[in-house]
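Data first, discussion second: the structure below is written as structure tokens.
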Amino acid sequence: MALMASSSGYCYYNYKKKYNKRYNCSTVPRITLSQSQEPRDQTSRREIILRSSEVAVIGAIFNLSGKKPEYLGVQKNQQALALCPATKNCISTAENISDLTHYAPPWNYNRGRKKPVSREVALEELLQVIKSTKPDRFTPRLVEKKDDYVHVEYESPVLGLVDDVEFWFPPERDSIVEYRSASRLGNFDFDANRKRIKALRLALEKKGWASVDTF
């Protein structure tokens with residue numbers, strides 16, 4: 001905030017005598033308040049930073065990461081990953097192919113290469129791609145790793161929202177990888193989980209992986 005001085009004149013009537021109007025004029029300095037102007041782009045950047053910080057604080061206060069679902073992992077009653085809830089923020093290879101909202105086709109890690117590789121090699125390729133690929137700017141964190149199973153948490157950069165992504169190498173299906181990607185909170189994800197899985201698949205295709213069906 002800045003103070004600015006400027007001169008301006010004013011006049012007033014003098015009614016000392018009836019009907020004898022006389023103008024008295026004077027010039028005095030006038031003090032005005034003026035807010036200093038900043039470049040518009042600089043102000044916009046500052047507003048973005050402030051708003052992002054506020055949103056991050058809100059996310060921390062309300063714990064928007066959500067609680068880890070208890071049903072993750074290979075299901076005991078049926079050798080498959082968990083199905084999706086009714087919400088539109090989850091995809092899984094365990095779903096019925098007719099469910100266009102939740103179904104996604106599995107991968108084959110030897111379909112696109114001449115010389116097949118072992119499951120151990122394919123698992124390391126998957127981990128490398130997970131670490132190097134951030135299609136939605138979510139930060140991947142490896143939570144669990146077994147010989148045939150991987151669980152990764154993807155956390156958003158601002159709100160701290162968490163998506164659970166699982167990969168499973170079923171022993172009875174040669175070179176096949178099942179997966180499930182789901183958001184912990186909300187009802188919609190604007191196809192974030194599907195886009196993430198697609199980005200991972202495109203990166204894996206460079207190593208010889210391929211989708212079993214169109215995606």
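When reading the values below, keep in mind they use all heavy atoms of this one structure, side chains included, and skip hydrogens, waters and symmetry mates.
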### From CA spacing to verdict: side-chain contact (heavy atoms from CB on, under 4.5 Å), V117, N110
CA-CA 7 Å; V117 298; N110 278 324; 3.4 Å; yes
### Message
Quick check for you: to the nearest 0.5 Å, what is the distance between D99 atom CG and T101 atom OG1?
### Response
5.5 Å
### Query
Does a donor on one side chain and an acceptor on the other come within less than 3.5 Å for S211 and R201?
no
### Task
Taking the side chain as every heavy atom from C-beta outward, state whether V74 and Q79 have any pair of such atoms under 4.5 Å apart.
yes
#### Entry: Pair D147-R119, side-chain contact (heavy atoms from CB on, under 4.5 Å): steps then yes or no
CA-CA 9 Å; D147 293 339; R119 184 180 66 186; 4.2 Å; yes
### Query
Of all heavy-atom pairs between L72 and P69, which one has the smallest distance, and what is that distance?
CG-O, 3.6 Å
#### Entry: Beyond-backbone contact of L127 with V150, side-chain heavy atoms, under 4.5 angstrom
yes
### Query
Rounded to the nearest 0.5 Å, what separation is found between the CZ atom of R137 and the NZ atom of K134?
11.5 Å
### Message
Ignoring hydrogens, what is the shortest heavy-atom contact between R194 and A104? Give both atom names and the distance.
### Response
NH1-CB, 4.4 Å
### Query
From L204 CG over to I197 CD1, what is the distance, rounded to the nearest 0.5 angstrom?
9.5 Å
### Message
Membership question, hydrophobic clusters at under 4.5 Å side-chain separation (ILVMFWY): are L142 and V129 in the same one?
### Response
yes
Please report, to 0.1 Å, the donor-acceptor pairs under 3.5 Å made by any side chain of residues 183-191, with sequence neighbours excluded.
unit_1: S183; atom_1: OG; unit_2: D163; atom_2: OD1; d: 3.0
unit_1: S183; atom_1: OG; unit_2: N193; atom_2: ND2; d: 3.1
unit_1: R184; atom_1: NE; unit_2: D164; atom_2: OD2; d: 2.7
unit_1: R184; atom_1: NH1; unit_2: G66; atom_2: O; d: 3.2
unit_1: R184; atom_1: NH2; unit_2: E153; atom_2: OE2; d: 2.7
unit_1: R184; atom_1: NH2; unit_2: D164; atom_2: OD1; d: 3.0
unit_1: D189; atom_1: OD1; unit_2: D191; atom_2: N; d: 2.9
unit_1: D189; atom_1: OD2; unit_2: N193; atom_2: N; d: 3.2
unit_1: D189; atom_1: OD2; unit_2: N193; atom_2: ND2; d: 2.7

### Query
Honestly curious: do V165 and Y109 fall in one hydrophobic cluster under the side-chain, below-4.5 Å linking rule?
yes
#### Entry: Pairwise distance CG(L200) to NZ(K195) - rounded to 0.5 angstrom
14.5 Å
### Task
Ignoring hydrogens and angles, tell me if any N or O in the side chain of Q78 forms a donor-acceptor pair with the backbone of K76 under 3.5 Å.
no
### Query
Hey, does N108 have a side-chain heavy atom less than 4.5 Å from the side chain of W209?
no
### Task
Any chance you could lay out the side chain to side chain donor-acceptor pair (under 3.5 Å) test for T93 and R180, step after step, and finish with the verdict?
CA-CA 6 Å; T93 54; R180 181 181 186 273; over 6 Å; no
### Message
Counting C-beta onward and ignoring hydrogens, is there a side-chain heavy-atom pair between R111 and V212 closer than 4.5 Å?
### Response
yes
### Task
Would you check if the side chain of S181 reaches a backbone N or O of E166 as a donor-acceptor pair within less than 3.5 Å?
no
### Side-chain touch I91/H102, heavy atoms, less than 4.5 angstrom
no
### Message
Show the nearest heavy-atom pair for residues A192 and D136, with the distance to one decimal.
### Response
O-OD2, 4.4 Å
### Message
So which atom in I130 and which in P140 form the shortest heavy-atom distance, rounded to 0.1 Å?
### Response
O-CG, 3.5 Å
### Task
For residues P157 and F138, determine if any side-chain heavy atom of one lies less than 4.5 Å from a side-chain heavy atom of the other.
yes
### Hydrophobic cluster membership, V143 vs V177, 4.5 Å side-chain cutoff
no
### Query
In terms of hydrophobic clustering (I, L, V, M, F, W, Y; side-chain heavy atoms under 4.5 Å; direct or indirect links), are L202 and V152 co-clustered?
no
#### Entry: Stepwise side-chain contact (heavy atoms from CB on, under 4.5 Å) check, E178 with R173
CA-CA 10 Å; E178 304 275 351; R173 301 183 65 184; 2.5 Å; yes
### Task
Start with the C-alpha gap between K146 and E144, add the side-chain angles, then the distance that decides, and say whether side-chain contact (heavy atoms from CB on, under 4.5 Å) holds.
CA-CA 7 Å; K146 298 180 180 179; E144 185 177 357; 2.8 Å; yes
#### Entry: Closest contact, heavy atoms only, P105 versus Y179
O-OH, 2.5 Å
### Message
Within the structure provided, determine whether C90 and P85 are in side-chain contact (heavy-atom separation under 4.5 Å).
### Response
yes
### Verdict with supporting geometry, R113 and E125, salt bridge (charged side-chain N to carboxylate O under 4.0 Å, His left out)
CA-CA 14 Å; R113 58 179 119 210; E125 290 178 344; 2.8 Å; yes
### Message
Taking atom CD as the centre, does E172 end up with more than 12 heavy-atom neighbours from other residues, nucleotides or ligands that are less than 6.0 angstrom away?
### Response
yes
### Task
Decide yes or no for E95 and C84: does some side-chain heavy atom of the first lie under 4.5 Å from some side-chain heavy atom of the second?
yes
#### Entry: Pairwise ring-ring contact (aromatic ring centres under 6.0 Å, His included) hits with a residue in residues 147-168, at least two apart
W107-F167
